[in-house]
Structures are given as structure tokens and as C-alpha cells.
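Within every chain, numbering begins at 1; the chains are lettered A, B, ... in the order of the sequence lines, protein sequences first and strands thereafter.
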Amino acid sequence: MNYKENKLKINNSLTGEKEVFNSILDGFVGLYVCGPTVYSDVHLGNCRTFISFDVIYRYLLHLGYKVRYVRNITDAGHLENDAEEGEDKIAKKARLEQLEPMEIVQRYTLDFHKVLDQFNNLPPNIEPTATGHIIEQIEMIMDIIENGFAYEANGSVYFDVEKYNESNNYGELSKRKIEDLVAGTRTLDGQEEKRSPLDFALWKNAKPEHIMKWPSPWGLGFPGWHLECSAMSTKYLGESFDIHGGGMDLKFPHHECEIAQGTAANGSKPVNYWMHANMLTLNGKKMSKSTGNTLLPEELFSGDNEVLGRAYHPIVVRFFMMQAHYASVLDFSAEALNSSEKGFLRLMEAMKILEEIKTSKKSSFDVEGLIMKFYNAMNDDFNTPILVAHLFDAAKYIQAVNLGKETISESDKKDLTFAMNEFVFDVLGLTLPSEEKGNNESLETVMELVLQMRQKARENKDWTTADAIRDKLNEAKIVVKDDKDGATWKVQ
RNA sequence: GGUCCUGUGGCCGAGUGGCUUAGGCAAUGGUCUGCAAAACCAUCUACAGCAGUUCGAAUCUGCUCGGGACCUCCA
């Protein structure tokens, strides 16, 4: 399927409209997603955003685009809170634990990669770090100063929001008015350096006790909170690129500031399509490191948590997320996860049966129309829940063919198999649940023997023995199913 | 306080002017089976409240009530 034949529509946060997607360079897409701050374990809410954009990346690839997917690692430069003005998050943690800052960064970066790999996320093409792009950030600040949109004060550099707003619209993304923002500003330390409370730091002067700092034209310091994404997206995707994504909570001020920085430095709008993934909630509230309302992936996979009480496979969690649209809030609960797990297994069962079903001369079902529905769903702003609904329609049809109630032609079977594999495995990024325990040769031999014995018992109508064997196997996580041709088994 | 989003059946979750029986899970009845399991068939519960616009609204508008996000690091 070629991207040209598809009218992919994207809900653009910048305009608030669902727009037909046109890339700047035909056939190529530049995609930037704000990555994690690697100073603590990535939690499940963080994962949702990255999984959402993984599907978006995968679908763009499926449509035939050549995508450059850039996702940063924030390993420096974020303020802790107003009480500890100017202190770098990573530096703070380092002092507490008596580790080198880069030791912390390394540890949580590895953890981040491991978790996303468990969710079967594809790696981005470039994963730049903030500390690796200090020079680019300094250069960008110099451009902004030169263009008159920033000023220096005591070794720090601030973005002049009001100046910028004279010729541009600060607040266009988050739909805020500059007057309202001024009214709602809190008093922060270091504000006396700023011309306006709305101004944000591009470069912060580092105090002597500060660990992570770099030389700059304004003295020793560290880059501001929003600058790294602007510098790195510009470097790898250009001054204007196609899609910028991130979590909804980054819309303001982070992304608003990125637009301002990019425009101030380069004179052009940095991004055509802004996309925002919504929050994953727990107990109805946003998951958040600072409030402690979180669930770690490891706790979920191991079952070692109070929220759910049992373990879930990462792919089941991924499927659960696919059943909601990326732009909607999704609440996490054991009940919802259980129902997803059952549905997921049913879908996977249909995937396996599809390979084996018999074909007929004609199909009794509009297979081509069904496949078109897969595309229509994804073309409509990556509507994965609708896609999943159609995949279940396909599963129902596959089961019906298997029972002889419906028919499928050879060529339709080929098309459906191809499409199902593409959408289930390549686009949604699902995988068949692992069955490695069942692929053991000696176990196969033993099971063959056991089932033969059970079959004899059944032929003798010795139901007690037959059922006892089945129950015992069940306890050992081996499920036996009887059908017309005998019994099948699988490891749970 | 300001800005914005949201309220769908037992649960999750799409849809957005007229027929979507959305879909998944659960429940009930049935087919199949020695019994199960699986699968299939059928049934069931709905659009927060009030008012308005309209031939027609769950879908648009207003108000009320509830929930959430952002305004401070946050996916």
C-alpha cells in the first residue's frame, strides 16, 4: 500500500483541526518525539506516550514513507523546583546517591531501552542526548540573541516573550493569551533578572556547587529547560519539519517555548503538525513521578504491585492501550486489563487459525472491503480502537470459515493473511504470546503419551481418569482441549 | 483564580446531526461436547441533568452538576 493512495489525516494540535497529512518532502517524514528525563525509572504513563508514537511511526513506515524518527534523551538541564532554583535534576539525584551524574543517566537510559523493548517498540533512528548537544544549543541561543529575542542577565540568558509576541503569537499552540499568562504567574526565585515573569531561561548561570556545567559565552552554566529539543530537532530534521509529538502535559510551556525558540532563531515555524498523546491515569488521576501515583512496568510484568494483584504480559498491556485512541485519557485498572487480555488471546487464536483454514472457489464475505476498513481506521488520525474492532470482525469471519459457515477464496485468504499480519504485527506491534515452553521435544513426547493414555480412558468411558489427567495438566499450566479429531494442548 | 478538555450501557472504550445492533470484557439463554474448554448463535443494559436550535440531537448552542489536564519539573 502506497502512502499516495491514502489520505492520512492527523489531528493537528496547532490548528485544532483534523488535516490531511502532506509531508514537506514527498515520501519522507521527519518525526520528533520528546523523550524521557533519565533520572528515575520510566513509569507506565511515560510508556503510553512512546507506545502511541511507536504505532504512528510504524504506520507511516507501513504506508511507505521513509521516516527519520528522532527521540531525545534528556540527561541535563531541567530545574527541580522553585525552592531549588537553578539546580539540575540529575545533579541533585547524583549528590543524594553519591554517584556521577552520567552514572545515573546511563543506568536509567538502559532501563528505559529495556522497558520499551519489552513493549516491542521500535528504536528511533536517532536518539540524541542533551549533554551531547551543548554546542548546538549555545549556537541557537546566539542566533536568538542576534535576532533580538533574548537578553543576558548575570550570566543567564532569557527569552524575551513579550518582544517575541509583538511579531508572533506566543500561546498559539496552547491557546493561551499572554495577558492571562501574566495574570497567573507565580513568584519565582531569580525573577528579578527577568524583564517579564513569562520569560524563560535559555541558559542558566551555574552556582559553584553545581555539578553539571559547561563553558559558554555567558560563563559557566547549563542550557535552559526547553532548548535541547529545539536544537536537536533543528540539527537532525531541519528548521521546519513534519511532525512533533509528545505528551499532553508538555504542550505548555515546553512545546510553546519550542515554537518560540525555533521561530526566533530561524525565522520559520519549526513544525507543521503537532501531535499530543494523552495521559494514562491510575485511580482517575494522571500518573506522575512527583505525586507518586505511578505503576512501574516491572511491577506490572511481575505482578508485584497492589493495584492489579497479578502479572500481565507487556504485549497485553500494549494491546490494552491500542483499544483506546492515543488522544484520549485512558484509565488503568485490573478489570480493563483482564478484558483486554481475553480479547487479545481470542484475536491471536484467530491469527493462528487463519493459516490453516480451507479455501473455496468464492468468498462469502467482502474481504477487500474489510481490509479497506483497516486502512480507513488508521488513516483517520491513527484510530487504533476502530482498527481493533475491525480486526475482531475479521477474527469472527475466520472462525466462521473454520466452522464451514462462511467461505474464503484462495486469493482472498492470501490478501487477508497479508493484511492481518501487517496490521496486527507490523503496525500495532503486537506479538504472539511466547510458547517457548511448549517447543520442548521431550515435553512433546511425554504429552503425546499422556494424551494417548487419556484417549484410551475416554474410549473406555473412564471419565474419572480422563478428567483427572486433564485437571492435573491444568494445574501444571497445560490446557487440554478436546475436539472431534482428538485433543490438542498448549502451555499457558 | 485563569486556560483548555471531558462525562456513553455492569466494566473498558469508539462514534458525532437521521440506520454504527461500533468493538472488547462481563451477564443470560442456546448449539456443540461424556463433561469441560474453545468456538458459534441469540438476548440484555446507553449516550450526566435542564433548556434551546432543528423536520430530526447522544452528536450543535447555553446553563447546571461531576471528572481531568495545564498554568511549576512532568509522557
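- Closest to the A:Ala324 side chain, of the nucleotides B:C70, B:C35, B:A14, is B:A14.
- For A:Arg176 against B:C71, a side-chain-to-base donor-acceptor contact under 3.5 Å is absent.
- For A:Arg346 and B:C25, a side-chain-to-base donor-acceptor distance below 3.5 Å is absent, hydrogens and geometry of angles not being considered.
- Nearest to the side chain of A:Lys175, among B:G24, B:A14, B:C4, sits B:C4.
- B:C32 is unpaired under the criterion used here, namely a Watson-Crick or G-U wobble arrangement in which both key atom distances are under 3.5 Å.
- Between A:Glu459 and A:Lys456 no salt bridge is recorded (no basic side-chain N to carboxylate O distance below 4.0 Å).
- No hydrogens or angles were tested; on distance alone, nothing pairs the side chain of A:Asp331 with the base of B:G13 as donor and acceptor under 3.5 Å.
- Cation-pi geometry between A:Arg71 and A:Phe53 is not met: the NZ or CZ atom fails to fall both under 6.0 Å from the ring centre and inside 45° of the normal.
- With a 3.5 Å ceiling on both atom-pair distances, the Watson-Crick or G-U wobble partner of B:A69 is B:U3.
- At a cut-off of 3.5 angstrom, counting only N and O atoms as typed in the model, there is a donor on one side and an acceptor on the other between the side-chain of A:Arg470 and the base of B:A36.
- B:G17 sits 44 Å from B:C73 when the C1' atoms are compared, rounded to a whole Å.
- A:His276 comes within 4.0 angstrom of nothing in the nucleic acid, heavy atoms only.
- The same atom, C1', is picked in B:G13 and in B:A46; the two are 13 Å apart, to the nearest Å.
- Across B:G2, B:G68, B:C74, the shortest atom-to-atom separation from the side chain of A:Asp180 is found for B:G2.
- Nearest-nucleotide positions on RNA chain B for A:Ser288 and A:Lys251 put A:Lys251 closer to the 5' end.
- Rounded to whole Å, the distance from NZ on A:Lys352 to P on B:A38 is 14 Å.
- Ranking B:C40, B:A37, B:A75 by closeness to the A:Met279 side chain, first place goes to B:A75.
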Apply side-chain contact (heavy atoms from CB on, under 4.5 Å) to A:Val307 and A:Glu299, showing your working.
CA-CA 10 Å; A:Val307 186; A:Glu299 297 170 333; over 6 Å; no

Under the criterion ring-ring contact (aromatic ring centres under 6.0 Å, His included), I'd like the reasoning laid out for A:Tyr375 against A:Phe423: C-alpha separation, chi angles, the key distance, then a yes or no.
CA-CA 9 Å; A:Tyr375 281 97; A:Phe423 278 94; 4.9 Å; yes

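- Closest to the side chain of A:Pro385, out of B:A75, B:A14, B:G68, is B:A14.
- Taking side-chain N and O atoms only, A:Asn383 has a distance below 4.0 Å to OP1 or OP2 of B:G15.
- Taking atom CG on A:Asp462 and atom C1' on B:C35, their separation rounds to 13 Å, with Å as the unit.
- The only option from A:Lys18, A:Lys9, A:Lys7, A:Lys373 that meets the salt bridge (Lys or Arg N to Asp or Glu O under 4.0 Å) definition with A:Asp380 turns out to be A:Lys18.
- Within the 4.0 Å cut-off from OP1 or OP2 of B:G68, not a single side-chain nitrogen or oxygen of A:Lys286 is found.
- Here A:Thr281 does not reach the OP1 or OP2 of B:G68: none of its side-chain N or O atoms lies under 4.0 Å away.
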Give the intermediate values and the outcome of ring-ring contact (aromatic ring centres under 6.0 Å, His included) for residues A:Phe119 and A:Phe50.
CA-CA 10 Å; A:Phe119 281 118; A:Phe50 301 125; over 10 Å; no

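- Here the side chain of A:Lys396 is nearest to one of B:C41, B:A75, B:G34, namely B:C41.
- Judged by atom type and distance alone, A:Asn46 does not reach the base of B:C74 through any side-chain donor-acceptor pair under 3.5 Å.
- Of the candidates B:A36, B:A75, B:C71, the closest approach to any side-chain atom of A:Asp482 belongs to B:A36.
- In this structure, NZ of A:Lys481 is placed 16 Å from P of B:A36, rounded to the nearest angstrom.
- Of the candidate nucleotides B:A14, B:C35, B:C12, B:A14 has the atom nearest to the side chain of A:Ser328.
- B:A58 is unpaired under the criterion used here, namely a Watson-Crick or G-U wobble arrangement in which both key atom distances are under 3.5 Å.
- Atom P of B:G67 sits at a distance of 31 Å from the matching atom of B:A26, rounded to the whole Å.
- Out of B:G23, B:A39, B:C71, the shortest distance to the side chain of A:Phe392 is found at B:G23.
- If you take atom P in B:C11 and the same atom in B:G49, they sit 15 Å apart, rounded to whole Å.
- Centroid-to-centroid, the aromatic rings of A:Phe241 and A:Tyr236 stay 6.0 Å apart or farther.
- On the P atoms, B:C60 is 27 Å away from B:G24, given to the nearest whole Å.
- Counting only heavy atoms from C-beta on, A:Leu403 has its side chain closest to B:C40 among B:A75, B:C40, B:C35.
- We find that CG of A:Leu250 is positioned 15 Å from P of B:A69, with the value rounded to whole Å.
- Contacts of A:Ala336 with the nucleic acid, taken as non-hydrogen atoms under 4.0 Å apart, involve only primed sugar atoms and P, OP1 or OP2.
- Rounded to whole angstrom, the span from the NE2 atom of A:His226 across to the P atom of B:C70 amounts to 15 Å.
- Atom-to-atom, CG of A:Leu330 to P of B:U6 comes out at 16 Å; the value is rounded to the nearest Å.
- With RNA chain B read from its 5' end, the first of the two nearest nucleotides for A:Ala466 and A:Val388 is the one closest to A:Val388.
- Taking atom C1' on both nucleotides, B:U6 is separated from B:G15 by 15 Å, rounded to a whole Å.
- Using a cut-off of 4.0 Å between Lys/Arg side-chain N and Asp/Glu carboxylate O, A:Arg58 and A:Asp54 are scored as salt-bridged.
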